[in-house]
Amino acid sequence: MAALGVEVNVGNDDGETNTSVKVPERMLRRDQARLEEVDRRKNVKESRTVAEEKSDFFTSTFNAEKTVVEEMLSSCNDNDRDKAGKTLEEATLKFQQLQKFLNDSIMFLTQYEIRQAQASLQKIQSSLGEKRDEVLPKKKFAFRARNTGASKPPASSQQTTDKSASDVAATVVVDAAVFVDQCGFSNADNQVLIKQAEEIQQGDVLLTHLTNCKVRLYGCPSTLHIKNIRNCEILCGPVSSSVFVDQCTDSTLVFPCQQLRTHNTTATQIYLHVTSRAIIEDCNGVRFAPFTWTYPGIHDHFKIAGLDPNRNNWTDVDDFNWLAAGTHSPNWTVIPETERVCSWEAVGEAS
């Protein structure tokens, strides 16, 4: 049987065309495959070169801006508190821009580069807090409570004593002590804690040492710090940069943000909207579901925070304690749809 082939014209030395010659199809296919492989390798090389160029640009730009923020913090002192306050505001703004720059660049960075940049941001965040405590005056510790119904007469001491913890949580809004320029709640037990957008004003919010509390933050903080929390339900509006969680147990956290870092947390549910990736470290029993809370004005707060409501990477979780490639970390899981909370108890109202 004659071999299958394709006729091609072959020229002689005098430039004249001879009769056609059959070339086996297998040779043509092999040649075509070789050409396709050459193109593929060329595309891979070009893509790698572009990624490397982007990575180099990110590293140089990030380090330059980081140095600027560090120099601003080192020059900030308490000799002129007005000047120090303005410097801290500018440093905080640059810090937020650095966070956004990292979030926008994650797609072409290696895991090592991401972790290095995140570690640098966390160090700057700590330095900002320490410098703020150093150069700005602090408010004396105070703890006050106000009834949600301002027109109602105050209850007697005996009546307050007779109320159960759940009754108190249902009827009292507590403003716990916080430092000046630091919005949030501290050292509260069995309370309902509420902040409105005009109180948050896109500043840093700190929630610490809370037990059996329900927290509602109707606004868009710059950053949210949650630390030493037990058996709490915390719902927050869009956070323009990062949420930092540490020492959280038996709680439910609900918020949108650009970046989430969670440490030393156990038996906690997180209803999350995140535009980069979530990070956990030294955690176990953490469960994730998509963000489901809403309140009047939340869509405007998404815009103010610069978050894309259509971009949610809530299942992209990096566990820094689990490095086995291709195997899911045992420290976190997804909440089954049948177990997810779709509507939340109304606690206060957004103004």
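When reading the values below, keep in mind they use all heavy atoms of this one structure, side chains included, and skip hydrogens, waters and symmetry mates.
- In terms of heavy-atom proximity, Cys213 sits nearest to Leu210 at SG-CB, 4.3 Å.
- Checking side-chain atoms of Ser74 against main-chain N and O of Glu71 turns up a donor-acceptor pair under 3.5 Å.
- Counting only heavy atoms from C-beta outward, the side chains of Ile270 and Val245 never approach each other to under 4.5 Å.
- Test Glu339, Arg340, Arg287 against Gln269 for side-chain hydrogen bond (donor to acceptor under 3.5 Å, both in side chains) and you get one pass: Arg287.
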Run Arg261 and Phe320 through side-chain contact (heavy atoms from CB on, under 4.5 Å) and show every step you take.
CA-CA 10 Å; Arg261 294 205 66 163; Phe320 281 6; 3.5 Å; yes

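- At a threshold of 4.5 Å between non-hydrogen side-chain atoms, the residues Ile304 and Ser240 do not count as touching.
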Before giving the answer on side-chain contact (heavy atoms from CB on, under 4.5 Å), spell out for Gln247 and Thr249 the whole-Å C-alpha distance, their side-chain angles and the decisive distance to 0.1 Å.
CA-CA 7 Å; Gln247 302 288 348; Thr249 304; over 6 Å; no

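- Under the 4.5 Å side-chain criterion, counting only non-hydrogen atoms from C-beta, Leu73 is not in contact with Phe95.
- Taking every heavy atom of both residues into account, Gly184 and Val205 meet most closely at CA-CG1, 4.2 Å.
- Proximity of a side-chain donor or acceptor of Ser126 to a complementary backbone N or O of Ile124 within less than 3.5 Å is not detected.
- Distance check: Ser251 OG to Ile226 CD1 gives 9.0 Å after rounding to the nearest 0.5 Å.
- When side chains are defined from C-beta on, Cys257 counts as touching Leu272, because their heavy atoms get closer than 4.5 Å.
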Run Leu224 and Leu217 through side-chain contact (heavy atoms from CB on, under 4.5 Å) and show every step you take.
CA-CA 10 Å; Leu224 174 62; Leu217 303 175; 4.0 Å; yes

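- A pairwise comparison of heavy atoms in Val239 and Thr223 identifies CG1-CA, 3.8 Å as the closest pair.
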Set out, in order, the CA-CA distance, both residues' side-chain angles and the distance that settles side-chain contact (heavy atoms from CB on, under 4.5 Å) for Asn321 and Asp282, then state yes or no.
CA-CA 7 Å; Asn321 297 109; Asp282 300 324; 3.2 Å; yes

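- Taken to the nearest 0.5 Å, the OG1 atom of Thr208 stands 7.0 Å off from the CG atom of Asn187.
- When only modelled atom types and interatomic distance are considered, Thr211 and Asp189 share no side-chain donor-acceptor pair under 3.5 Å.
- Counting only distance, with no hydrogens or angles, the side chain of His273 and the backbone of Arg311 share a donor-acceptor pair below 3.5 Å.
- With hydrogens and angles left out, the side-chain atoms of Gln99 and Ser242 include a donor and acceptor closer than 3.5 Å.
- Using modelled atom types, one side-chain atom of Ser60 and one backbone atom of Phe57 make a donor-acceptor pair closer than 3.5 Å.
- When all heavy atoms of Tyr295 and Pro238 are compared, the closest pair comes out as OH-CD, 3.7 Å.
- Between the side chain of Asn284 and the main chain of Asn331, no donor-acceptor pair closer than 3.5 Å is present.
- A tilted orientation is assigned to the rings of Trp293 and Tyr218, their planes being inclined by 30° to 60°.
- Atom NZ of Lys66 has more than 12 heavy atoms from other residues, nucleotides or ligands within 6.0 Å.
- Side-chain heavy atoms closer than 4.5 Å link hydrophobic residues (I, L, V, M, F, W, Y) into clusters, and following such links, even through other members, never connects Ile279 to Phe255.
- Residues Ala278 and Phe288 share a closest heavy-atom pair of CB-CE2, 4.4 Å.
- A 4.5 Å side-chain heavy-atom check between Val215 and Cys232 finds every atom pair outside the cut-off.
- Asn231 and Asp250 share no donor-acceptor pair across their side chains, judged by distance under 3.5 Å alone.
- Interatomic distance, Glu70 CD to Met72 CE, rounded to the nearest 0.5 Å: 12.0 Å.
- Looking at heavy atoms from C-beta onward, Leu98 lies in side-chain contact with Leu121 at the 4.5 angstrom threshold.
- Here the two rings, on Trp314 and Phe291, have centers that are 6.0 Å apart or farther.
- Side chain of Tyr271 to main chain of Val341: a donor-acceptor pair is present (N/O by atom type, distance under 3.5 Å, no hydrogens or angles).
- In this structure the side chain of Ser120 reaches within 4.5 angstrom of the side chain of Phe62, judged on heavy atoms.
- The side-chain heavy atoms of Lys131 and Thr87, taken from C-beta on, include no pair separated by under 4.5 Å.
- Side chains of Trp322 and Thr327: no donor on one and acceptor on the other come within 3.5 Å.
- The nearest pair of heavy atoms linking Asn313 to Thr275 is ND2-O, 3.1 Å.
- Val286 is connected to Val334 through a chain of hydrophobic side-chain contacts under 4.5 Å among Ile, Leu, Val, Met, Phe, Trp and Tyr, so both are in one cluster.
- Between the CD1 atom of Ile194 and the CZ atom of Phe185 there is a distance of 8.0 Å, given to the nearest 0.5 Å.
- Expressed to the nearest 0.5 Å, how far OG1 of Thr315 lies from CZ of Arg277 amounts to 8.5 Å.
- Residue Leu253 holds its CG atom at 10.5 Å from SG of Cys236, rounded to the nearest 0.5 Å.
- Put simply, the side chain of Ser276 gets close to the backbone of Gln258: a donor and an acceptor are under 3.5 Å apart.
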